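Because the structure is a prediction, the values reported are computed rather than measured. Residue numbers begin at 1 in each chain, while the letters A, B, ... track the order of the sequences.
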Amino acid sequence: VTKVVVAGAGSIGSLLAAHLAQVAEVTVLTRREEHAAALREQGLRVSGRGDFTAQLDATTDPAALPDAELAILACKGTDLEPLAARLEGTLRHAAVMTIQNGLGAEEIVAGHGEWPLLSSVTFMSGTRHGDAHIEYVLDTATWIGPYRGTTEEDARRVAELVEAGGLKAEAFADLRPAQWSKLIFNATVNGVAALTSLPHDFHFAETEKPSDLGILVRDLVDEGKAVAAAAGVELHDDPWAMNVLATERGHRHFPSMLEDVDARRPTELESINGALVREAWRLGIDVPLQVAVYRLVKAREASYSE
Amino acid sequence: VGCGAVGSLFAANLSLLADVEVWAFDLNELHVAAINRGGLRLSGAGDVLGHPRATSDGAALPACDFGIVATKAMHTDPAITATAHAFADGFVATVQNGLGNEETIVGHVERVIRGTTFPAGKLLEPGHVQWDVQGDTTFGPYDERVPLDEVERLADACTRAGMPANAVDDARGPQWRKVIFNASTNPIGALTGLTHGRVCERPDLRALVTGLVDEGKAVAAAQGIELDADPEELIDHAAKPEVAYDHKASMLQDVEARRQTEVDYLNGGIVRFGQEHGVPTPLNAAIQALVKGVEASWTQN
């Protein structure tokens, strides 16, 4: 049986851990001991689109992790650097897969070990109801591609494992087109949601009046597309079409950046909007609206101390 | 017309003049009743007890020589609709924030005076307004239907009443200076939660403010408007600790209280005049859309 480590058990980590535990031996690495204890003792319940309780192991000690073949780092982007540092010298035979939003996660992990690396982006979503219960909300796919010392074949094997566990996954020879589609989508939708307090709903696709929010969203997406084009990336999906489709599903999703701002937590701004703006500047592309959104959310974080 | 904080400053002060009879029109019936019972009291930058006659019924107004519209910009149309009959032979000045108020008023009355005012205050309780800051008012004819000496007559009355005012041929300079200042700083405070001083001390955010100012200046220049002062200097002046560093922009106060903002008449006004004169204003449009999104979130969540 394949041994898998899932490090970080927020919404995405919990969904992966519970489903993979149906087809693999899963150990979850958590930060809090009571979180690990709850998972060991109660298992991890899945509701919503699934209805089962997964049995799995959990620990807070990286040294206690099994000799896994695959480790998925599913923490938030802001927690990735300290997590990768804690994992230095462990998981000697594992391929390590990142799944964070934005750009740059792979480079952060690469700086802490020689592991073969896989990239991924995910479009699924879940809502945590406590440490041992995750509601599976959106059953959209996770896309996986090779990054360092891995091949498309490795990505395909992981995708098949994720699919066997009951989630949706697809392997790509080059993940960058998908990663950039999601980067532009997240920088735009998450940033606008954080600034307006609107969940991702129909306002984001309204384009009738000049002051409609959809016009700003479309202009932000167009700036992102210009950066992708200059970076030589041919997008896998049109972020504007992704936006319209998501709003038409009728589910009012609260992007994590909005939840973070509401709770006055640090956001993933730097790895999403910051990454896009820095790429634009590096390539000499003018993106005044993306810069404005980036600066406004950054200032919003600074206002937590007011 | 509109006897909130700023309207009350004009109404109470003007009612002290022996040669002026003042009527106050406001929909706040408690405020109206208090004014009719015990007068309209100002305290703070000046202590005044005036006795204008107040009403919430536009039809009760007599024919007037001058009107001063001081409502929030989104209430201009219903306010002037209810009161226009009183100004059939008179002149109506606006001292409101933003752009487009003159255009709305001139749809209901013949002779309109453009105005920009800097005094500020807040309604403490019915019949009682705190006068926070004194300041000048500039009036000018909206179009050729208004002779300058009539504008001077209004400015003279205000000045004699303790509300210094001057009459100029073209009052668009002070108006656009104030609009550009407000449009470039108020929504930034509203979207970030930062006071004016903290907005200005962040170089990246201050650069965004400059981007908004530059668009506003370009739209003003395209209309041949000469600003009477550089908004950039006023913004930096206001950021000083002894001036308005800790000031929460009125739009931030509106957002915190979930009141509709005047963004459509500030950034939205710059965007609209920009379109009419072929000047692109992408940042002002973006800011307007974001603040409208904030307003929409109050009814959605």
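For the options B:Gly268, B:Ala285, B:Ala286, heavy-atom pairs under 4.5 Å to chain A are most numerous at B:Ala286. Per-residue heavy-atom pair counts under 4.5 Å with chain A were compared for B:Asp204, B:Val263, B:Leu205, B:Leu208, and the maximum is reached by B:Asp204. Ranked by heavy-atom pairs shorter than 4.5 Å toward chain B, the options A:Ala302, A:Gly214, A:Pro288 are led by A:Ala302.
A 6.0 Å sphere centred on CZ of A:Arg218 holds more than 12 heavy atoms belonging to other residues, nucleotides or ligands. By the neighbour-count criterion of 12 heavy atoms within 6.0 Å, atom CD of A:Glu107 is densely surrounded, having more than that number from other residues, nucleotides or ligands. Other residues, nucleotides and ligands contribute at most 12 non-hydrogen atoms within 6.0 Å of the NE2 atom of B:His237.
Listed for the B:Thr192 side chain is no donor-acceptor partner under 3.5 Å among the backbone atoms of A:Ala299. Judged by distance alone, with hydrogens and angles left aside, the side-chain atoms of A:Arg300 form a donor-acceptor pair with the main-chain N or O of B:Leu191 at under 3.5 Å. Of the possible donor and acceptor atoms, none in the side chain of A:Ser211 sits under 3.5 Å from a partner among the backbone N and O of B:Ala289.
Shown here for B:Ile287 and A:Leu296, the closest heavy-atom pair between the two residues is CD1-CD1, 4.0 Å. The two residues A:Ser305 and B:Arg198 make their nearest non-hydrogen contact at OG-NH1, 3.5 Å.
In this structure, no portion of A:Ala193 lies under 4.5 Å from any heavy atom of chain B.
A distance of 11.5 Å separates CD of B:Glu295 from OG1 of A:Thr196, quoted to the nearest 0.5 Å. We find the CG-OG distance between B:Leu290 and A:Ser197 to be 11.0 Å, quoted to the nearest 0.5 Å. The CD1 atom of A:Ile215 lies 10.0 Å from the CD atom of B:Gln288; values are rounded to the nearest 0.5 Å.
Residues B:Ser297 and A:Leu198 form a side-chain contact, since some pair of their non-hydrogen atoms from C-beta on lies under 4.5 Å apart. Within the 4.5 Å cutoff, side-chain heavy atoms of A:Lys298 are placed close to those of B:Arg202.
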